[in-house]
Trainee: 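Sharing a structure here in structure tokens format.
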Amino acid sequence: MVLLRNLLNDIDRVPDNQIYGRVTAVQGMLVEIGGVQNNLSVGDRCQIVARANRLVTCEVVGFREGRALLMPFSPLDGVGLGCRVEVANAEPVLYPDPSWLGRVINAMGEPIDGKGPLPGGEKPYPIHNRPPPAHSRQRVAGKIDLGIRAINTFLTCCRGQRMGIFAGSGVGKSSVLSMMAKHTKAQVSVIGLVGERGREAREFIEDDLGEDGLKRSVVVVATSDESPLMRRQAAYVTMAVAEYYRDAGNDVLCLMDSVTRFAMAQREISLSAGEPPASKGYTPSVFAELPKLLERAGPGGPGQGNITGLFTVLVEGDDTNEPISDAVRAILDGHIVLDRAIAERGRYPAINILRSVSRTMPGCNSDEENAIVSKARRYLAVYEDMAELIRLGAYRRGTDAAVDEAIKYYPAIEAFLSQGKKEAADLAGGYQQLAEILAQ
Ligand SMILES: Nc1ncnc2c1ncn2[C@@H]1O[C@H](COP(=O)(O)OP(=O)(O)O)[C@@H](O)[C@H]1O
Ligand SMILES: [Mg+2]
């Protein structure tokens with residue numbers, strides 16, 4: 001039944017006329033085609049009819065000497081000179097449906113979880129959608145419970161806020177995302193796993209997210225072995241699905257792991273198309289695409305819900321000043337920094353509270369809550385300043401009253417900040433707990 005309805009919809013959407021060209025050259029992942037360049041623009045879709053009538057879907061990534069340059073979504077096996085290239089004359093769209101909750105899809109919007117066909121919805125959602133116009137967007141308002149104590153209290157996130165999670169590899173970015181997906185109070189989570197290892201994607205879905213988490217989520221996956229176009233598109237599709245649930249009036253949590261892999265995919269695509277690199281091999285188009293992607297999260301227009309976005313950023317060599325981190329930090333409304341030293345100490349999630357900030361937090365908290373948090377932050381800062389001396393045993397109690405007090409509260413605050421992967425936490429409880437710790 002679902003298949004039949006999908007088929008009837010597909011027939012309705014078949015274009016009336018068909019233009020086509022021919023492959024004139026293939027170089028690496030780049031296919032040059034002739035005959036149709038005047039009908040194409042960057043971002044358009046084409047299909048190459050390869051040997052044995054296998055269809056290879058491609059996207060236009062540029063033009064050179066009067067020829068269009070395409071990149072394929074799948075391997076180019078069987079593509080040769082003179083192969084027919086059909087131009088798809090509609091922009092790429094998805095037809096999301098409420099029944100997508102609990103499903104895992106690829107960057108083409110096809111199900112990959114073995115749970116049967118995916119029902120198509122009524123309304124098309126362009127993969128390259130634009131954010132709502134800035135003037136019509138609602139303000140970021142009301143707190144959202146992300147299920148992680150340290151973030152709920154010290155880095156409170158508002159509905160429609162966008163935050164980055166920055167860390168080197170293996171410090172716990174993916175784990176933080178999975179805890180959020182599982183414990184959040186948001187109605188829907190849309191999770192994009194972009195360019196990570198296949199094994200990790202599977203573990204994330206089966207172990208970390210689990211049945212309960214998956215029920216409220218849609219997961220979009222493109223693993224590291226897929227083509228750069230697929231990896232980049234997985235990020236766009238994640239946003240398009242989130243936009244669909246936002247338009248239906250939901251508080252949507254959009255989690256993307258990772259934005260760095262999206263940037264790397266864009267770098268691969270643009271370098272192949274001949275764009276000159278600018279900063280650390282990243283091309284200017286990477287820095288143009290990042291804000292376009294990240295701006296799609298945020299508050300919706302009138303009558304819509306909102307998309308709270310959390311995006312992980314891989315910080316190579318723990319250098320937080322590398323170009324992608326810098327660019328992402330400038331676009332978002334705050335950053336959560338995970339620290340390798342804290343992880344090595346065994347405190348998870350390894351959030352460095354003092355280096356992290358939520359820009360909307362002071363405005364969305366009550367004065368009382370802000371006071372509790374700044375008091376705890378002060379203790380952490382004082383302790384951090386003296387940490388070396390304290391550990392060496394070079395600090396003598398009674399030298400400084402502020403330090404003594406910080407030493408007294410430090411273990412309890414650290415314990416408050418740690419949270420096992422399976423342990424849930426809620427917003428109100430967090431403030432209460434912290435207030436009790438500080439009242440002792
Ligand atoms: N809350 C936690 N409790 C215990 N261990 C954790 C927690 N979060 C992360 N870890 C540990 O950190 C390791 C790396 O985490 P992961 O999320 O895969 O890092 P990343 O995505 O940054 O590469 C995990 O294998 C796990 O052992
Ligand atoms: Mg990871």
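Order of appearance sets the numbers: ligands from 1, and atoms from 1 within every ligand. Each residue takes its place number in the sequence, starting with 1.
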Trainee: Please say whether Gln419 places an N or O atom under 3.5 Å from an N or O atom belonging to ligand 1.
Mentor: yes
Trainee: Among Leu193, Thr223, Leu314, find the one that has a side chain to side chain contact (heavy atoms under 4.5 Å, CB included) with Arg261.
Mentor: Leu314
Trainee: I'd like the name of whichever of Ser169, Gly172, Pro349 reaches closest to atom 19 (O) of ligand 1 through any heavy atom.
Mentor: Gly172
Trainee: Which protein heavy atom lies closest to atom 24 (C) of ligand 1, and at what distance to 0.1 Å?
Mentor: Ser175 OG, 4.3 Å
Trainee: Would you call Arg199 and Glu203 a salt bridge, using N to O less than 4.0 angstrom?
Mentor: yes
Trainee: Are any of the side-chain nitrogens in Lys421 or Asp208 under 4.0 Å away from the carboxylate oxygens of its partner?
Mentor: yes
Trainee: For atom 21 (O) of ligand 1, what's the nearest protein heavy atom and its distance?
Mentor: Ser174 OG, 2.7 Å
Trainee: Closer than 2.8 Å to the Mg ion (ligand 2): does that hold for any N, O or S atom in Ser258?
Mentor: no
Trainee: Using a strict threshold of under 4.0 Å (side-chain N to carboxylate O), is an ion pair present between Arg231 and Glu268?
Mentor: yes
Trainee: Between Arg162 and Leu294, what is the shortest heavy-atom contact and its length?
Mentor: CD-O, 3.3 Å
Trainee: Closer than 4.0 Å to some heavy atom of Lys421 - which atoms of ligand 1 meet that?
Mentor: 1 (N), 2 (C)
Trainee: Just by distance, do the side chain of Arg267 and the backbone of Ser285 share a donor-acceptor pair under 3.5 Å?
Mentor: no
Trainee: May I ask you to check if ligand 1 and Lys173 share an N or O to N or O distance below 3.5 Å?
Mentor: yes
Trainee: Report yes or no: does a heavy atom of Ala167 sit under 4.0 Å from some atom of ligand 1?
Mentor: no
Trainee: Output yes when Arg232 and Glu289 qualify as a salt bridge under the 4.0 Å nitrogen-oxygen rule, no when they do not.
Mentor: no
Trainee: Identify the closest protein heavy atom to atom 5 (N) of ligand 1: which residue and atom is it, and at what distance?
Mentor: Tyr348 CD1, 3.4 Å
Trainee: Quick check: does Gly170 get an N/O under 3.5 Å from an N/O on ligand 1?
Mentor: yes
Trainee: Is there a protein heavy atom at a distance of less than 4.0 Å from atom 17 (O) of ligand 1?
Mentor: yes
Trainee: Do ligand 1 and Met179 have nitrogen or oxygen atoms that lie under 3.5 Å from each other?
Mentor: no
Trainee: Taking Ser418's backbone N and O only, do any of them form a donor-acceptor pair with Arg149's side chain (distance below 3.5 Å, no angle check)?
Mentor: yes
